[in-house]
Enquirer: 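Starting off with a structure, shown below.
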Amino acid sequence: GSPHVVPVGFAYSPDERLVRIISAEASQKVRNADRGGRAAVSQVDGRRWLTLEGDVAVHRADDRVTAAERAYADRYQEPRPRADRVAIEIAVDRILGRA
């Protein structure tokens, strides 16, 4: 019933209105996302902040995982290889923030 709040690296595609997160299959966030429902990611930078919300899903297909890994690499750095990697996607339908 309460939110599961953990730091994650995420990438947002405004054209697709899609958040991508890479994770290990056994993580709690994957178990939660597998149940469906909604999720949110937030970023804070001083007085500026952003929250992206929407329906959440876990994807295990190679093309979806590769897309999430590529998005992560573009924003942060190349992720280390993992055999158990999955992609969590949030279909963004609500954007909140302060510039």
Enquirer: Indicate yes or no for a side-chain donor-acceptor contact from Arg85 to the backbone of Arg80 under 3.5 Å, with no hydrogens or angles considered.
Expert: yes

Enquirer: How about Ile95 and Glu53: do any of their side-chain heavy atoms sit closer than 4.5 Å?
Expert: no

Enquirer: Does the cation-pi check pass for Arg75 over Phe10, that is, NZ or CZ under 6.0 Å from the six-membered ring centre and within 45° of its axis?
Expert: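 Yes, Arg75 and Phe10 form such a contact.
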
Enquirer: Establish whether Val41 and Leu96 are linked, either directly or via other cluster members, by ILVMFWY side-chain heavy-atom contacts under 4.5 Å.
Expert: no

Enquirer: Quick check: closest heavy atoms across Asp93 and Gly54, and the distance to 0.1 Å?
Expert: OD1-CA, 3.7 Å

Enquirer: For a quick test of reading the model, state the closest non-hydrogen atom pair linking Thr51 to Ala40 and the distance between them.
Expert: CG2-CB, 4.1 Å

Enquirer: Charged N to carboxylate O under 4.0 angstrom, Asp45 versus Arg48?
Expert: yes

Enquirer: As an exercise, state the distance from CD of Glu69 to CG of Asp62, rounded to the nearest 0.5 Å.
Expert: 9.0 Å

Enquirer: With a 4.5 Å heavy-atom cut-off, do Val8 and Lys29 have their side chains touching?
Expert: yes

Enquirer: Looking at side-chain heavy atoms only, is the closest gap between Tyr72 and Glu78 below 4.5 Å?
Expert: no

Enquirer: Do the side chains of Leu50 and Val19 join up, straight or via other hydrophobic residues, at under 4.5 Å, putting them in one cluster?
Expert: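 The answer is yes; both residues are in one hydrophobic cluster.
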
Enquirer: Identify whether Val6 and Ile90 are in the same connected component of the hydrophobic contact network (ILVMFWY, side-chain heavy atoms under 4.5 Å).
Expert: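 Cluster IDs for Val6 and Ile90 match.
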
Enquirer: Would you check if Leu18 and Val92 make a side-chain contact, meaning some heavy-atom pair closer than 4.5 Å?
Expert: no

Enquirer: In a check of side-chain contact (heavy atoms from CB on, under 4.5 Å) between Val58 and each of Asn32, Val30, Ile21, which one passes?
Expert: Val30

Enquirer: Salt bridge check, Asp34 against Arg60: does any charged N sit closer than 4.0 Å to a carboxylate O?
Expert: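 Salt bridge between Arg60 and Asp34, a charged N being under 4.0 Å from a carboxylate O: yes.
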
Enquirer: When rounded to the nearest 0.5 angstrom, what is the spacing between OG in Ser23 and CZ in Arg31?
Expert: 10.0 Å

Enquirer: With no hydrogens and no angle check, just 3.5 Å: does a side-chain donor-acceptor pair link Glu89 and His59?
Expert: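 Yes - a donor-acceptor pair under 3.5 Å links their side chains.
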
